[in-house]
*Asks:* 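Take a look at the following structure, please.
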Amino acid sequence: MKIATFNINGVNRRLEVLLDWLATAEPDVVCLQELKATDSQFPKTAIEAAGYGAVWRGQAAWNGVAILARDSEPILTRAELPGDPADTQSRYIEAAVNGILIASLYAPNGNPQPGPKFGYKLAWHELLRLHAAELLATGLPVVLAGDYNVVPEPRDIYPTRSYDDNALVQPESRAAFRRLLDQGWLDALRKIYPEEQLFTFWDYRRNRWQRDAGLRLDHVLLSRKLTRRLNGAGIDRDVRGVDGASDHAPVWITLRD
DNA sequence: ATGTCACTTCACAAGTGA
């Protein structure tokens with residue numbers, strides 16, 4: 001079973017990129033982030049025609065998350081992170097697919113820091129941590145996949161000082177991600193590639209793609225029950241290089257049956 | 001501060017978010 005996460009940066013603007021990648025990569029489950037589309041603007045018909053059932057939570061202009069399942073309808077379990085009813089940003093969706101609970105999440109970027117946006121980022125991560133603990137307590141096999149907007153370690157970014165003040169690399173951001181892992185989640189890409197340089201995002205500016213000046217922001221976390229089924233993983237970097245690409249590449253794992 | 005996109009609106013230019 002192949003499970004992928006892809007920050008699409010506008011699902012309609014990049015529909016051809018998405019459909020081409022689905023046809024080539026053939027993932028069984030896809031977590032999408034940054035749909036930048038309302039619920040009614042979601043390209044349901046095209047995605048169905050490609051062979052995928054879907055659940056989604058859109059939003060005008062920003063955010064928006066979805067879960068796609070090949071030849072199957074995901075069973076929606078949640079469309080928001082519990083804990084802050086006043087939060088209207090569409091950043092979390094959760095569904096059951098083929099006996100696995102899948103979450104597609106898009107954590108706040110948090111820039112500029114310090115400031116209210118950084119505060120929101122840290123508060124959101126705290127709510128994620130609380131909910132993730134609930135998910136672990138169910139004993140179900142769970143995958144938390146998405147754009148965490150955290151560079152976990154210094155080696156997960158190209159050598160530079162230009163991000164020193166960025167919310168993505170702050171100690172508080174890293175601590176939030178670390179606390180989540182310490183609950184008992186496995187960073188699947190790092191498990192498969194313990195030493196390699198892993199990037200999933202390259203800013204559009206300053207030729208960062210051409211220079212391979214990337215960051216690792218997109219992560220697939222597995223509950224303990226799933227860790228022994230982990231079989232392989234990858235980053236589809238070519239997808240970042242096509243015309244009209246997202247600024248993120250798809251990230252995937254495979255699980256043994 | 002910059003750069004590159006996409007998308008919004010007191011809408012064809014300027015802002016905002018990333």
Side-chain angles (χ1 to χ4, degrees), chain A residues 5-21 31-43 46 56-66 81 84 86-93 104-125 128 145-152 156-170 172-174 176-177 199-219 235 237-251:
Chain A
T5 180
F6 188 9
N7 181 322
I8 194 70
N9 189 15
V11 69
N12 287 307
R13 176 76 182 78
R14 265 171 259 290
L15 189 55
E16 290 307 309
V17 173
L18 175 62
L19 295 175
D20 287 351
W21 171 71
C31 297
L32 295 176
Q33 301 86 34
E34 286 207 81
L35 302 178
K36 296 187 173 176
T38 61
D39 282 340
S40 61
Q41 289 167 339
F42 185 81
W56 62 93
R57 171 60 74 91
Q59 186 179 329
W62 315 116
N63 308 320
V65 283
L81 198 56
D84 183 2
D87 187 350
T88 56
Q89 300 190 29
S90 299
R91 296 183 175 277
Y92 186 90
I93 192 166
S104 175
L105 62 95
Y106 176 50
N109 172 292
N111 282 302
Q113 75 78 33
K117 290 187 174 181
F118 192 57
Y120 172 58
K121 174 181 191 149
L122 298 179
W124 196 93
H125 273 279
L128 176 64
D147 180 354
Y148 285 75
N149 267 317
V150 174
V151 175
D156 293 313
I157 182 171
Y158 69 101
T160 180
R161 301 294 309 273
S162 65
Y163 278 84
D164 283 1
D165 293 329
N166 198 292
L168 305 175
V169 304
Q170 293 313 300
E172 298 93 326
S173 306
R174 286 180 168 156
F177 188 70
F199 297 154
T200 69
F201 163 87
W202 298 258
D203 198 290
Y204 289 123
R205 293 168 283 191
R206 297 207 162 187
N207 292 313
R208 293 227 171 88
W209 167 246
Q210 291 79 358
R211 295 162 43 210
D212 195 23
L215 291 71
R216 186 165 81 103
L217 300 179
D218 303 272
H219 310 298
I235 300 168
R237 289 174 56 113
D238 338 349
V239 178
R240 178 60 182 82
V242 304
D243 281 347
S246 168
D247 41 7
H248 295 250
V251 178

*Asks:* Under the rule for side-chain hydrogen bond (donor to acceptor under 3.5 Å, both in side chains), what residues qualify as partners of A:Arg240, not counting sequence neighbours?
*Replies:*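 A:Arg240: no side-chain hydrogen bond (donor to acceptor under 3.5 Å, both in side chains) contacts found.
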*Asks:* Between B:dG15 and B:dC10, how far apart are the C1' atoms? Round to whole Å, please.
*Replies:*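 Going atom to atom, C1' in each nucleotide, I get 12 Å.
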*Asks:* With A:Arg174, which residues qualify under salt bridge (charged side-chain N to carboxylate O under 4.0 Å, His left out), at least two apart?
*Replies:*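 In terms of salt bridge (charged side-chain N to carboxylate O under 4.0 Å, His left out), with neighbours along the sequence ignored, A:Arg174 is linked to no residue.
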*Asks:* Base contacts versus sugar-phosphate-only contacts with protein, heavy atoms under 4.0 Å: please encode nucleotides 7-18 of chain B as B, S and - from 5' to 3'.
*Replies:* SS-------BSB
*Asks:* Distance from A:Asp218 atom CG to A:Ile235 atom CD1, nearest 0.5 Å?
*Replies:*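 Between atom CG of A:Asp218 and atom CD1 of A:Ile235 there are 8.5 Å.
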*Asks:* According to side-chain hydrogen bond (donor to acceptor under 3.5 Å, both in side chains), who are the partners of A:Arg161, at least two apart in sequence or on a separate chain?
*Replies:*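 Scan of A:Arg161 (side-chain hydrogen bond (donor to acceptor under 3.5 Å, both in side chains), adjacent residues dropped) gives A:Asp164.
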*Asks:* Using a 3.5 Å limit on both pairing distances, list the dot-bracket string of DNA chain B from the 5' end; Watson-Crick and G-U wobble pairs count, crossing pairs take [ ], interstrand pairs take |.
*Replies:* ...((((((...))))))
*Asks:* A:Trp202: which residues meet the side-chain hydrogen bond (donor to acceptor under 3.5 Å, both in side chains) condition with it, sequence neighbours left out?
*Replies:*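 Residues passing side-chain hydrogen bond (donor to acceptor under 3.5 Å, both in side chains) with A:Trp202: A:Asp212.
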*Asks:* C1' atom, B:dC7 versus B:dA11: distance in rounded Å?
*Replies:*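 12 Å, rounded to whole Å.
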*Asks:* Can you sort out the partners of A:Thr38 under side-chain hydrogen bond (donor to acceptor under 3.5 Å, both in side chains), two or more places apart, ordered by chain and number?
*Replies:* A:Ser40, A:Gln41
*Asks:* Could you measure between the two C1' atoms, the one in B:dA1 and the one in B:dC12, and give it in whole Å?
*Replies:*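 Their C1' atoms lie roughly 27 Å apart.
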*Asks:* Looking at residues at least two apart in the chain, or sitting in another chain, which of them share a ring pair (Phe, Tyr, Trp, His ring centres under 6.0 Å) with A:Phe177?
*Replies:*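 Testing A:Phe177 for ring pair (Phe, Tyr, Trp, His ring centres under 6.0 Å), a comparison that skips the adjacent residues, returns A:Tyr148, A:His219.
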*Asks:* Rounded off to whole Å, could you give me the CG-to-P distance for the A:Asp243 and B:dT4 pair?
*Replies:*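 Atom CG in A:Asp243 sits about 16 Å away from atom P in B:dT4.
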*Asks:* Applying ring pair (Phe, Tyr, Trp, His ring centres under 6.0 Å), name anything that partners A:Phe42, two or more places apart in sequence or on another chain.
*Replies:* A:Trp56
